[in-house]
Amino acid sequence: MGARGCRFALRALSRGHPACPAAPALPRPAPPVHGFLRLARQPQVLGRPPGAALVRWCRTCGRQRLWFSREAAGPRFRVCASGPQGTGSLKTGFLKWKPDYDSAASEYGKAAVAFKNAKQFEQAKDACLREAAAHENNRALFHAAKAYEQAGMMLKEMQKLPEAVQLIEKASTMYLENGTPDTAAMALERAGKLIENVDPEKAVQLYQQTANVFENEERLRQAVELLGKASRLLVRGRRFDEAALSIQKEKNIYKEIENYPTCYKKTIAQVLVHLHRNDYVAAERCVRESYSIPGFNGSEDCAALERLLEGYDQQDQDQVCEVCSSPLFKYMDNDYAKLGLSLVVPGGGVKKKAAASPQPAPTGVPAAEEEEDEYAGGLC
C-alpha cells in the first residue's frame, strides 16, 4: 500500500469509516474558539486554585494572554480575558466602514470583570478605561460614566485615592450631562468618603458640590446632610471663617424646611465658632437674629447662649466652663462639643475665688479686746 493508501486508511480509522466496521469511532476535537480553552486540554494547570491567573498561549490569536478560572458557567474553563475581541470590533475594512463600539465596549467590560476576579486591578482599570472610551465614542454617556466609576474603584483597590477621585468626578460630570443628577450626587458623595481621611479639604469641596446638586433638585434634606458633613470637617480643620458660613447655610435650609429644633442646635454651633474666632459681636448678632425663629425665645438653648455670652463678655471663665459643660453642649456633635470644652475667654479669664470662711477667735481672748474701740479716747 502506498503513502496515499496509508493516509486513506488512517483517515478512515479516525472517522469510523463504514468500510472498516471494526474501527472504533473517535470523537473529533472541537474547533478552537478564541477566549475559551477547556481545562481538560491543560493538565499541567489542574492543581491551580479557582481564580488564579495564568499566562498561556491563546490558540486563536497565537499570543500570550491572561487566563483565569471561571466556574460560574458550569464546566471549568480557562478564559482569555485580554483577547482581541474588543480590538477586532474596532477595526475597519473594505466591507466594514464603521467600528463596532457597542461590541467593543461589551468585550472590554467582560475583560474588566475577568481581571477583577483575578485580582489584576491594573489591567482591570485599563479595560474599564477602554470600555468607557468605547461608550463615549458611541455617545452612551451614562454607560461611559459607569465605566469611569468602575475604573476609580479599581484605583481605590490599588490605594491610589487621588486618581480614583479624579475618575469619579469625571463620571459625575457625565452623569450630569446625561441628565441623571441623583447618580452624579451619589458618585460625588462616594468620592468624598474615599478621600475624607487623606485630604479633608478635597472632601469638603466634594460634599459641597454634592449639596449643590441636591439643592438644585430641591432635595433639601439630602443637601443639608452633606452640608453638615462639610461643616464638621471645616471645624475639625480649624477653618472657622468657612465653617461659620457653612453653618449659616445649614441653618437657613433647616428654617426653610421648618425643622426649628435643629435650628437651635445650629445656632449654638455658630456661636461657638464665632467665639473661637474672637468675634463676640458676630456671636451676639447671631443670637439676636435667631429670636425670629419660632420657639427660640424662652427656650433652654436661648437661655444657655445668653449665659455663655454674658460670661464671655465679663471674662468669667467659671461661668463659661459651667455652661459649656452642661448636657446641652456636651451631647452635641463631637466636633462642636470639643469647641465648647476648649473655649477660653480673652485674657485668660478671671476665676471667682471661694469666699474665705471667718476664722474663730483664739480661746481665752475676749472679743472686746480684739476690736479696737474707736471711741476709747472720747468723742473729742
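To the nearest 0.5 angstrom, Lys193 atom NZ is 12.5 Å from Leu206 atom CG. Note that CG of Asp313 and OH of Tyr280 are 4.0 Å apart. Values are rounded to the nearest 0.5 Å. In this structure, Phe115 CZ and Lys110 NZ are separated by 15.0 Å, a value rounded to the nearest 0.5 Å. Between Glu215 atom CD and Glu217 atom CD the span is 11.5 Å, to the nearest 0.5 Å. One distance of note links OG of Ser292 with CG of Asn297; it measures 10.5 Å at 0.5 Å rounding. Within the model, atoms CG of Leu141 and NE2 of His143 stand 10.0 Å from one another, a figure rounded to the nearest 0.5 Å.
No salt bridge links Arg307 with Glu310; every basic N to acidic carboxylate O contact stays at or beyond 4.0 Å. Taking the charged nitrogens against the carboxylate oxygens, Glu189 and Lys229 do have a contact shorter than 4.0 Å, which makes a salt bridge. No salt bridge links Glu163 with Lys125; every basic N to acidic carboxylate O contact stays at or beyond 4.0 Å.
You'll find the side chain of Val235 stays beyond 4.5 Å of the side chain of Asp333, heavy atoms only. Lys146 has its side chain out of reach of Gln150: every pair of non-hydrogen atoms, C-beta onward, lies at least 4.5 Å apart. With contacts defined as side-chain heavy-atom distances shorter than 4.5 Å, the pair Ser342/His276 qualifies. At least one side-chain heavy atom of Leu309 sits under 4.5 Å from a side-chain heavy atom of Val271. Side-chain contact between Leu328 and Lys265 is present, with heavy atoms from C-beta onward closer than 4.5 Å. Inter-residue side-chain proximity for Lys338 and Arg236 is flagged as unmet; no heavy-atom pair is nearer than 4.5 Å. A heavy-atom distance below 4.5 Å is found between the side chains of Leu343 and Leu308.
Within the structure, ring-ring contact (aromatic ring centres under 6.0 Å, His included) contacts touching residues 306-342 (residues at least two apart or in different chains) do not occur. Residue pairs meeting the ring-ring contact (aromatic ring centres under 6.0 Å, His included) criterion with at least one partner in residues 206-234, sequence neighbours excluded, are absent.
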Before giving the answer on side-chain contact (heavy atoms from CB on, under 4.5 Å), spell out for Glu201 and Gln205 the whole-Å C-alpha distance, their side-chain angles and the decisive distance to 0.1 Å.
-> CA-CA 6 Å; Glu201 185 175 354; Gln205 179 184 351; over 6 Å; no
Can you list the steps and then say if Gln222 with Val213 is a side-chain contact (heavy atoms from CB on, under 4.5 Å)?
-> CA-CA 10 Å; Gln222 289 85 349; Val213 173; over 6 Å; no
Between Phe240 and Leu339, is a side-chain contact (heavy atoms from CB on, under 4.5 Å) present by the stated rule, with each step listed?
-> CA-CA 11 Å; Phe240 294 125; Leu339 284 184; 3.7 Å; yes
Would you sort out whether Glu169 and Lys202 count as a side-chain contact (heavy atoms from CB on, under 4.5 Å), showing the intermediate values?
-> CA-CA 12 Å; Glu169 281 188 284; Lys202 183 65 175 178; 3.2 Å; yes
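Listed by chain and residue number, nothing satisfies the salt bridge (Lys or Arg N to Asp or Glu O under 4.0 Å) test with Lys255 (two or more places apart in sequence, or in another chain).
In the hydrophobic clustering of ILVMFWY residues, with side-chain heavy atoms under 4.5 Å counting as a link, Val204 and Ile195 come out apart. Cluster membership check: Val113 does not share its hydrophobic cluster with Leu129, using side-chain heavy-atom separations under 4.5 Å among Ile, Leu, Val, Met, Phe, Trp and Tyr. Residues Val287 and Val273 fall within the same hydrophobic cluster, defined by Ile, Leu, Val, Met, Phe, Trp and Tyr side chains chained together at heavy-atom separations under 4.5 Å. In the hydrophobic cluster analysis, where Ile, Leu, Val, Met, Phe, Trp and Tyr join through side-chain heavy atoms closer than 4.5 angstrom, Ile168 is grouped apart from Leu176. Tyr291 and Tyr260 end up in the same hydrophobic cluster when Ile, Leu, Val, Met, Phe, Trp and Tyr side chains are linked at under 4.5 Å.
Taking both residues in full, the closest heavy atoms of Ala151 and Cys128 are given as CB-CB, 3.8 Å, listed atom of the first, atom of the second, then distance. Nearest heavy-atom pair, Ser325 versus Leu341, reported as atom, atom and distance to 0.1 Å: OG-CD2, 4.3 Å. Ala164 approaches Lys156 most closely through the heavy-atom pair CB-N, 4.0 Å. Residues Leu226 and Ala211 come closest through the heavy atom pair CB-CB, 4.1 Å. Residue Ala191 comes nearest to Val165 through the heavy atom pair O-CG2, 4.0 Å, listed as atom of the first residue, atom of the second, then distance. The shortest non-hydrogen separation linking Ala203 to Leu233 is CB-CD1, 3.9 Å.
Within a 6.0 Å radius of CZ in Arg277, other residues, nucleotides and ligands contribute more than 12 heavy atoms.
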Enumerate donor-acceptor pairs with a distance under 3.5 Å from any side-chain N or O in residues 244-251 to protein atoms, sequence neighbours excluded.
{"residue": "Ser246", "atom": "OG", "partner": "Ser231", "partner atom": "OG", "Å": "2.5"}
{"residue": "Gln248", "atom": "OE1", "partner": "Gln270", "partner atom": "NE2", "Å": "2.6"}
{"residue": "Gln248", "atom": "NE2", "partner": "Asn252", "partner atom": "OD1", "Å": "3.1"}
{"residue": "Glu250", "atom": "OE1", "partner": "Lys266", "partner atom": "NZ", "Å": "3.0"}
{"residue": "Glu250", "atom": "OE2", "partner": "Ser231", "partner atom": "OG", "Å": "2.7"}
{"residue": "Lys251", "atom": "NZ", "partner": "Thr267", "partner atom": "OG1", "Å": "3.3"}
{"residue": "Lys251", "atom": "NZ", "partner": "Ser290", "partner atom": "OG", "Å": "2.7"}

Contacts under 3.5 angstrom, residues 178-186 side chains, donor-acceptor by atom type, not counting sequence neighbours:
{"residue": "Thr180", "atom": "OG1", "partner": "Tyr175", "partner atom": "O", "Å": "3.1"}
{"residue": "Asp182", "atom": "OD1", "partner": "Arg219", "partner atom": "NH1", "Å": "2.9"}
{"residue": "Asp182", "atom": "OD2", "partner": "Arg219", "partner atom": "NH1", "Å": "3.3"}

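Grouped by direct or indirect side-chain proximity (heavy atoms under 4.5 Å, Ile/Leu/Val/Met/Phe/Trp/Tyr only), Ile253 sits with Leu220, Val224, Leu227, Tyr254, Ile257.
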